[in-house]
Amino acid sequence: MQNLRWKIKQVLKEGEAAVGKSVVVKGWVRTKRGSKNVNFIALNDGSTVRNLQIVADPEQIAEDILGRINTGACLAVTGILAASQGQGQAVELPAESIEILGDADPEEYPLQPKKHSFEFLREIAHLRPRTATFGAVFRLRHAMTFAIHQFFHERGFFNLHSPIVTGSDAEGAGEMFRVTTLDPKNPPLTEEGEVDYGQDFFGKETNLTVSGQLEAELGALALSDVYTFGPTFRAENSNTSRHLAEFWMIEPEMAFYDLDDNMSLAQEFVQYLVRFALDNYADDLAFLNQRQLDEEKNKKKEERSDMSLLERLQFVVDNDFERITYTEAIEILRNSKPNKKKKFQFLIDEWGVDLQSEHERFLVEKHFKKPVILYNYPKQIKAFYMRQNEDDKTVAAMDVLFPGIGEIIGGSQREERLDKLQQRMAEMDIPEKEMWWYLETRKFGTAPHSGFGIGFERLIMFITGMQNIRDVIPFPRTPQNAEF
RNA sequence: UCCUCCUUAGCUCAGUUGGUUAGAGCGGCUGACUGUUAAUCAGUAGGUCCUUGGUUCGAGUCCAAGAGGAGGAGCCA
């Protein structure tokens with residue numbers, strides 16, 4: 001029987017060519033509109049953002065069945081596809097029989113055929129995939145996952161699985177979640193009265209990973225080009241629309257790439273993904289585009305974005321990212337209107353300060369009006385593993401900044417010279433003892449190499465136009481929230 | 001973690017200088033309707049005004065603490 005079932009995407013794709021075919025469709029009721037003579041049911045099975053119109057004639061379908069077809073109910077509908085007499089669709093399915101697979105009591109079912117706020121839908125994260133918006137977002141999330149693997153595979157990269165549980169805490173990328181099997185109420189103690197992690201599961205302190213980069217470097221120095229794609233965890237108490245405690249990150253790492261090669265790959269990568277979405281998920285993007293336009297109608301003119309979602313995506317595909325050094329950025333910012341008129345909360349005067357969100361936003365959204373790659377940062381504001389430049393002041397680091405999202409990619413050429421690396425680690429108080437395996441790659445057959453990390457959810461935000469990172473991952477993990 | 005704002009019906013929100021019985025739209029329910037597009041029309045039910053304490057003759061409204069949420073900042077991806 002299963003082979004008679006058509007996905008709604010297939011029905012709509014065939015359109016008029018499918019008229020006359022006998023099919024079974026299964027899905028969830030979005031809306032039902034009825035009169036004495038005929039009922040129209042909008043059915044959605046998640047295969048596409050679009051619905052299939054089911055026509056239920058009370059002479060054909062029993063009254064008790066019709067009464068149970070409420071918003072949210074799950075149906076199996078059998079019939080012969082027909083050209084639609086109405087305006088909104090080419091084909092529809094006049095039902096010969098309808099089986100109720102699952103009832104949904106309309107007095108209790110929380111999703112109504114109306115607009116809901118994203119805040120409300122977050123509280124019912126178990127049901128929100130049934131809405132048009134979240135269906136589109138999660139389909140695009142899948143699309144990007146697939147396209148990422150395809151992009152790297154086409155270029156001869158290998159997917160490297162870096163560990164989720166890590167024994168090193170020297171990566172310096174943020175607060176970590178501890179992994180332990182010790183009894184929190186009664187942990188074994190050392191003679192000094194400290195918790196004795198020697199008796200813990202792994203025989204040492206372990207945490208959830210904050211980055212797969214160091215492991216990716218090990219892979220690159222053997223397989224040339226690798227990438228990781230997995231969950232990462234930060235125990236930071238970050239309460240913003242751009243941070244999660246559990247998020248997914250893609251970290252390519254390439255032997256024999258310098259910073260220029262690295263920046264080129266980053267741009268090519270993002271453009272490839274956007275193009276993939278535009279080419280293959282036009283329906284979902286069109287829906288999200290319209291959703292955003294409707295949303296912005298209620299906003300003041302100055303708060304509306306200058307480009308629609310689709311225009312923004314096309315713009316990124318068509319234009320090179322602007323590449324400027326940190327030093328050039330400081331000059332632009334120093335001479336900018338908001339700096340001179342003291343509109344910035346943090347005024348720019350000296351070389352060497354870290355750029356704040358307001359500065360990055362000015363460069364991307366006001367000055368260049370396109371994605372910007374900033375590179376060659378002062379070494380004192382960047383990580384120990386970044387390659388020192390000849391000027392002795394900067395490191396070969398780069399950040400890709402996107403409108404509305406901020407930093408979407410952070411990367412660098414890595415320090416491959418053992419003495420320089422050891423010197424930086426000493427300056428930054430990073431114990432060599434815990435990083436012995438990392439240092440050995442510099443000791444044995446070291447090579448120039450580069451890589452970057454891109455936050456998967458931030459990418460999805462850009463692709464879908466969603467404003468809150470909690471709405472681009474099915475089950476967001478944020479401080480004080482691990483429901484579902 | 002810091003700053004600002006918010007919490008009233010299932011949802012989205014009004015609620016005046018503190019005053020008697022807290023409102024609307026949508027959704028639900030009942031009915032009408034010859035093919036609808038989040039259908040339309042008529043009727044109807046539905047409230048611990050986030051919690052606790054305080055001020056007051058009287059608190060949805062004022063004050064304090066707590067809880068939850070949002071926006072911004074920091075950290076970063």
Side-chain angles (χ1 to χ4, degrees), chain A residues 29-42 50-58 67 70-72 82-89 92 94 104-124 131-132 171-175 210-213 231-251 294 298 303 344-346 354-358 360-361 381-383 399-402 405-411 452-462 467-473 478-481 483:
Chain A
V29 176
R30 283 285 167 79
T31 62
K32 183 175 80 165
R33 298 174 288 275
S35 71
K36 196 163 67 182
N37 300 312
V38 66
N39 288 280
F40 300 97
I41 301 153
R50 299 166 64 199
N51 303 322
L52 178 63
Q53 173 156 289
I54 309 297
V55 185
D57 183 344
N70 297 307
T71 303
S84 179
Q85 297 170 36
Q87 289 302 306
Q89 57 284 315
E92 62 189 17
D105 183 348
E107 306 244 18
E108 289 184 58
Y109 188 63
L111 288 172
Q112 305 158 6
K114 59 166 284 192
K115 271 234 156 67
H116 290 293
S117 68
F118 289 135
E119 288 84 354
F120 172 65
L121 291 172
R122 263 170 234 150
E123 292 170 14
I124 51 167
T131 65
E171 291 160 46
E175 289 295 309
V210 294
S211 163
Q213 181 202 311
T232 43
F233 306 86
R234 305 272 166 94
E236 303 285 353
N237 193 5
S238 291
N239 294 289
T240 81
S241 54
R242 302 182 309 283
H243 292 86
L244 291 166
E246 176 182 293
F247 64 101
W248 289 64
M249 193 153 59
I250 302 109
E251 294 176 292
D294 293 345
N298 303 322
E303 285 172 16
F344 282 143
Q345 198 187 338
F346 297 91
D354 208 351
L355 300 183
Q356 309 290 319
S357 291
E358 57 179 345
E360 297 180 348
R361 202 173 286 163
I381 60 173
K382 287 290 179 182
D399 285 350
V400 181
L401 309 176
F402 261 49
I405 295 164
E407 189 183 335
I408 193 168
I409 291 177
F452 61 83
I454 176 166
F456 186 54
E457 282 75 19
R458 290 189 182 173
L459 173 76
I460 304 300
M461 286 173 78
F462 180 73
Q467 301 288 303
N468 193 310
I469 202 165
R470 300 171 184 108
D471 297 329
V472 298
I473 186 167
T478 52
Q480 299 299 313
N481 184 10
E483 191 76 35

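Since this is a predicted model, take the numbers as computed values, not measurements. Naming: A, B, ... by sequence-line order, numbering from 1 per chain.
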Trainee: Figure out the OH/P separation between A:Tyr109 and B:C11, and round it to whole Å.
Mentor: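 Between P of B:C11 and OH of A:Tyr109: 15 Å.
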
Trainee: So A:Pro479 and A:Asn239, do their side chains get closer than 4.5 Å, heavy atoms only?
Mentor: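 A:Asn239 vs A:Pro479: side chains touch.
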
Trainee: Could you grab the distance from atom CG of A:Asp471 to atom CD1 of A:Ile460, nearest 0.5 Å is fine?
Mentor: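 Going from the CG atom of A:Asp471 to the CD1 atom of A:Ile460 covers 13.0 Å.
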
Trainee: List every contact pair, protein side and nucleotides 66-71 of chain B side both N or O, where the distance is under 3.5 Å.
Mentor:
{"residue": "B:A70", "atom": "OP1", "partner": "A:Arg122", "partner atom": "NH1", "Å": "2.7"}
{"residue": "B:G71", "atom": "OP1", "partner": "A:Asn468", "partner atom": "ND2", "Å": "3.2"}
{"residue": "B:G71", "atom": "OP2", "partner": "A:Asn468", "partner atom": "ND2", "Å": "3.4"}

Trainee: Using a cut-off of 4.0 Å between protein heavy atoms and nucleotide atoms, how would you tag nucleotides 34-39 of chain B 5' to 3' with B, S and -?
Mentor: SBBBBB

Trainee: How long is the span from the CG atom in A:Asn70 to the CD atom in A:Glu107, to the nearest 0.5 Å?
Mentor: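 It is 9.5 Å, given to the nearest 0.5 Å.
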
Trainee: Which whole-number value in Å describes the distance from A:Leu244 CG to B:C75 P?
Mentor: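 Going from A:Leu244 (CG) to B:C75 (P), I get 18 Å.
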
Trainee: Examine B:G72: is either OP1 or OP2 under 4.0 Å from a nitrogen or oxygen in the side chain of A:Arg361? Give yes or no.
Mentor: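 It does not, given that no N or O in the side chain of A:Arg361 lies less than 4.0 Å from OP1 or OP2 of B:G72.
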
Trainee: Do A:Gln85 and A:Val55 touch side chain to side chain, with heavy atoms closer than 4.5 Å?
Mentor: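 No, too far: nothing below the 4.5 Å cut-off.
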
Trainee: Report the distance from atom CD of A:Glu251 to atom CZ of A:Phe452, rounding to the nearest 0.5 Å.
Mentor: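 The CZ atom of A:Phe452 is 10.0 Å from CD of A:Glu251, to the nearest 0.5 Å.
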
Trainee: Let me know the distance between CZ of A:Arg30 and C1' of B:G27, rounded to the nearest Å.
Mentor: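 Rounding to the nearest Å, CZ of A:Arg30 and C1' of B:G27 are 17 Å apart.
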
Trainee: Classify the side chain of A:Ser238 versus the base of B:C75 as yes if they form a donor-acceptor pair under 3.5 Å and no if they do not.
Mentor: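 Yes.
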
Trainee: Map A:Phe346 and A:Glu107 onto RNA chain B by nearest heavy atom, then report which one ends up closer to the 5' terminus.
Mentor: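 With A:Phe346 and A:Glu107 compared, the 5'-side residue is A:Glu107.
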
Trainee: Could you work out the separation of B:G28 and B:A39 based on their P atoms and round it to a whole Å?
Mentor: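 Roughly 9 Å separates the two P atoms.
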
Trainee: Calculate the interatomic distance between A:Asp105 atom CG and B:G10 atom C1'; express it in whole Å.
Mentor: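 After rounding, the gap between these two atoms is 12 Å.
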
Trainee: Output the rounded distance in Å from CZ (A:Phe402) to C1' (B:C76).
Mentor: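 For the pair A:Phe402 CZ and B:C76 C1', the rounded distance is 17 Å.
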
Trainee: Output the rounded distance in Å from CZ (A:Arg242) to P (B:C76).
Mentor: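 Distance, rounded to whole Å: 13 Å.
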
Trainee: When you compare B:A65 with B:A73, how far apart are their C1' atoms, in angstrom units rounded to a whole number?
Mentor: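 Nearest-Å result for B:A65 against B:A73 at atom C1': 26 Å.
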
Trainee: Separation of A:Gln112 atom CD from B:C29 atom C1', in whole Å?
Mentor: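 My rounded result for the distance is 13 Å.
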
Trainee: Base, sugar-phosphate alone, or nothing: which one does A:Ile405 contact when heavy atoms must sit under 4.0 Å apart?
Mentor: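 Nothing: the residue A:Ile405, judged by heavy atoms under 4.0 Å, touches no strand.
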
Trainee: Distance check, C1' atoms only: B:C50 and B:U7, in whole angstrom units.
Mentor: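 Here B:C50 and B:U7 have their C1' atoms 6 Å from each other.
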
Trainee: Under 3.5 Å, is there any donor-acceptor pair linking the side chain of A:His243 to the base of B:C76?
Mentor: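 Under the 3.5 Å cut-off, the side chain and the base do form a donor-acceptor pair.
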
Trainee: Can you check whether A:Thr71 reaches A:Pro106 side chain to side chain, under 4.5 Å on heavy atoms?
Mentor: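 Of all side-chain heavy-atom pairs linking A:Pro106 with A:Thr71, none is under 4.5 Å.
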
Trainee: Verify, without hydrogens or angle tests, whether A:Glu92 (side chain) and A:Ser84 (backbone) share a donor-acceptor contact under 3.5 angstrom.
Mentor: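 No: the side chain of A:Glu92 does not pair with the backbone of A:Ser84.
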
Trainee: Distance from A:Arg470 atom CZ to A:His243 atom NE2, nearest 0.5 Å?
Mentor: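 Here the rounded value is 11.0 Å.
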
Trainee: What is the distance from atom CZ of A:Arg30 to atom CG of A:Leu111, rounded to the nearest 0.5 Å?
Mentor: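 CG of A:Leu111 is found 9.0 Å from CZ of A:Arg30.
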
Trainee: Using the C1' atoms only, state how far B:G60 lies from B:A42, rounded to an integer number of Å.
Mentor: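 It comes out at 32 Å once rounded to the nearest Å.
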
Trainee: Between B:G72 atom P and A:Ile469 atom CD1, what is the distance in whole Å?
Mentor: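 After rounding, the reported distance stands at 12 Å.
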
Trainee: If you compare all heavy atoms of A:Asp399 against all heavy atoms of A:Gly411, which two are closest, and at what distance to 0.1 Å?
Mentor: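 Shortest heavy-atom contact: OD1-N, 4.4 Å.
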
Trainee: When you compare B:C57 with B:U12, how far apart are their P atoms, in angstrom units rounded to a whole number?
Mentor: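 Straight-line distance between the two P atoms is 38 Å.
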
Trainee: Between B:U8 and B:C13, how far apart are the two P atoms, rounded to whole Å?
Mentor: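 B:U8 and B:C13 have their P atoms separated by 9 Å.
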
Trainee: Within the 4.0 Å heavy-atom criterion, would you say A:Pro110 contacts the bases, only the backbone, or no part of the nucleic acid?
Mentor: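 Here A:Pro110 touches no strand at all.
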
Trainee: Using a 4.0 Å heavy-atom cut-off across all strands, classify A:Phe247 as base, sugar-phosphate, or nothing.
Mentor: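 Here A:Phe247 touches the bases of the nucleic acid.
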
Trainee: Dot-bracket for RNA chain B, please, read 5' to 3', with Watson-Crick or G-U wobble pairs under 3.5 Å on both distances, ( ) within the strand, [ ] crossing, | other strand, . unpaired.
Mentor: (((((((..((((.....[...)))).(((((.......))))).....(((((..]....))))))))))))....

Trainee: For the atom pair CZ (A:Phe402) and CG (A:Leu459), what is the distance rounded to the nearest 0.5 Å?
Mentor: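 Answer rounded to 0.5 Å: 8.0 Å.
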
Trainee: Using the P atom as the reference point in each nucleotide, state the distance between B:A70 and B:G54 in Å, no decimals.
Mentor: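 Per the computed distance, 32 Å lies between those P atoms.
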
Trainee: Is A:Gln356 side chain donor-acceptor paired with the B:G74 base, going by distance under 3.5 Å alone?
Mentor: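 No, no donor-acceptor pair under 3.5 Å.
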
Trainee: With rounding to whole Å, what would you report as the distance between B:U55 and B:U16 at their P atoms?
Mentor: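 Approximately 24 Å lies between the P atom of B:U55 and that of B:U16.
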
Trainee: Looking at side-chain heavy atoms only, is the closest gap between A:Met249 and A:Ser211 below 4.5 Å?
Mentor: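 Yes - at least one pair of side-chain heavy atoms lies under 4.5 Å apart.
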
Trainee: For the residue pair A:Glu236 and A:Val210, establish whether any side-chain heavy-atom pair is separated by less than 4.5 Å.
Mentor: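 In short, these two side chains do not touch, never coming nearer than 4.5 Å.
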
